> 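Quick one: structure below, then a few questions.
Worth saying up front: this structure is predicted, and the values here are computed from it rather than measured.
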Amino acid sequence: QVQLAESGGGLVQAGGSLRLSCAASGFTSSTNNMAWFRQAPGKEREFVCAFTWSGGSTYYADYAASVKGRFTVSGDNAKNTVYLQMNFLKSEDTAIYYCARRGTYSGSKYSTDQYDSWGQGTQVTVSS
């Protein structure tokens with residue numbers, strides 16, 4: 001059974017940085033298509049980035065325009081963990097952040113319905 005657990009969220013001032021972690025277990029494949037999403041209060045869950053995690057490396061990363069150039073995804077195979085490094089944070093980045101593994105390929109990778117395994121989320125709050 002796939003399990004994902006996010007951590008690393010917190011309160012940070014605008015312009016600051018945070019690194020989120022997503023510890024993964026139960027994967028049966030060495031190559032997994034995954035994503036980070038976020039959900040702000042009163043808003044729908046939105047796409048942050050999608051990537052392929054294979055052998056400890058992340059590649060084919062695709063970022064939302066709102067975070068491109070500020071956020072970077074990476075992976076550590078020894079720890080079965082993927083990371084989201086977030087720099088130059090803005091107040092509009094405030095949200096609960098989720099990592100997810102894609103299980104369906106019937107639609108767009110930007111859509112939440114393509115992902116069947118989710119973590120519990122970690123709160124990121126950026127003060128202005």
> So which atom in D116 and which in G103 form the shortest heavy-atom distance, rounded to 0.1 Å?
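Taking D116 first and G103 second, the nearest heavy atoms are OD2-CA, 3.5 Å.
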> Any side-chain heavy atom of W118 sitting closer than 4.5 Å to one from L4?
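When only atoms from C-beta onward are counted, L4 and W118 do not touch, as no gap falls below 4.5 Å.
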> Which pairs with one or both residues in residues 119-128 pass side-chain hydrogen bond (donor to acceptor under 3.5 Å, both in side chains), sequence neighbours excluded?
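Sorted result for residues 119-128: Q123-T125.
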> Just jot down the salt bridge (charged side-chain N to carboxylate O under 4.0 Å, His left out) partners of R70, sequence neighbours excluded, or say none.
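With sequence neighbours excluded, R70 shows a salt bridge (charged side-chain N to carboxylate O under 4.0 Å, His left out) to D93, given in chain and number order.
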> Per the side-chain hydrogen bond (donor to acceptor under 3.5 Å, both in side chains) rule, what does the pair list look like for residues 8-19, sequence neighbours excluded?
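Only S17-N87 qualify under side-chain hydrogen bond (donor to acceptor under 3.5 Å, both in side chains).
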> Report the residues that fulfil salt bridge (charged side-chain N to carboxylate O under 4.0 Å, His left out) with E46, sequence neighbours left out, ordered by chain and then residue number.
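Only R38 meet the salt bridge (charged side-chain N to carboxylate O under 4.0 Å, His left out) criterion with E46.
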> Do any pairs count as a ring pair (Phe, Tyr, Trp, His ring centres under 6.0 Å) and have a residue in residues 72-113, sequence neighbours left out, and if so which ones?
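For residues 72-113, and leaving out neighbouring residues, the ring pair (Phe, Tyr, Trp, His ring centres under 6.0 Å) pairs sorted by first residue read F47-Y110.
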> Shared ILVMFWY cluster between V12 and M86, side chains joined below 4.5 angstrom?
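Both belong to a single hydrophobic cluster.
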> If you compare all heavy atoms of G9 against all heavy atoms of V124, which two are closest, and at what distance to 0.1 Å?
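Scanning both residues completely, I find the closest heavy atoms to be CA-CG2, 4.1 Å.
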> Residues two or more places apart in sequence or in another chain: which of them pass side-chain contact (heavy atoms from CB on, under 4.5 Å) with A35?
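If we apply the side-chain contact (heavy atoms from CB on, under 4.5 Å) test to A35, skipping adjacent residues, the hits are F37, A50, Y115.
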> Are M34 and I96 linked, directly or through intermediate hydrophobic residues, by side-chain heavy-atom contacts shorter than 4.5 Å (ILVMFWY only)?
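Shared cluster, no.
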> Say you draw a straight line from CG of D113 to CZ of R102; how long is it, rounded to the nearest 0.5 Å?
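If we round to the nearest 0.5 Å, D113:CG and R102:CZ are 9.0 Å apart.
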> Applying side-chain contact (heavy atoms from CB on, under 4.5 Å), can you list everything that pairs with Q3, at least two apart in sequence or on another chain?
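Once residues adjacent in sequence are excluded, the partners of Q3 under the side-chain contact (heavy atoms from CB on, under 4.5 Å) criterion are S25.
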> Output all residues satisfying side-chain contact (heavy atoms from CB on, under 4.5 Å) with A40, sequence neighbours left out; order by chain, then residue number.
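side-chain contact (heavy atoms from CB on, under 4.5 Å) list for A40, sorted by chain: K43, A95.
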> Sequence neighbours left out, what pairs pass disulfide (SG to SG under 2.5 Å) with at least one residue falling in residues 91-128?
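The answer is C22-C99.
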> Please tell me if the side chains of W53 and V73 come closer than 4.5 Å, counting only heavy atoms from C-beta onward.
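SC-SC contact between W53 and V73 ruled out.
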> As an exercise, state the distance from CZ of F51 to CG of L84, rounded to the nearest 0.5 Å.
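Interatomic distance, F51 CZ to L84 CG, rounded to 0.5 Å: 8.5 Å.
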> Scan for disulfide (SG to SG under 2.5 Å) pairs involving residues 62-91, sequence neighbours excluded, and state none if there are none.
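Non-adjacent pairs meeting disulfide (SG to SG under 2.5 Å): zero.
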> Is any side-chain heavy atom of E6 closer than 4.5 Å to a side-chain heavy atom of L20?
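No; the side chains remain at least 4.5 Å from each other.
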> What pairs with T104 under side-chain contact (heavy atoms from CB on, under 4.5 Å), at least two apart in sequence or on another chain?
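With sequence neighbours excluded, T104 shows a side-chain contact (heavy atoms from CB on, under 4.5 Å) to S106, Q114, given in chain and number order.
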> Among residues at least two apart in sequence or on other chains, which ones pass salt bridge (charged side-chain N to carboxylate O under 4.0 Å, His left out) with K90?
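K90 satisfies salt bridge (charged side-chain N to carboxylate O under 4.0 Å, His left out) with no residue once adjacent residues are dropped.
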> Working to the nearest 0.5 angstrom, can you tell me the gap between N33 CG and K109 NZ?
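Those atoms lie 8.5 Å apart.
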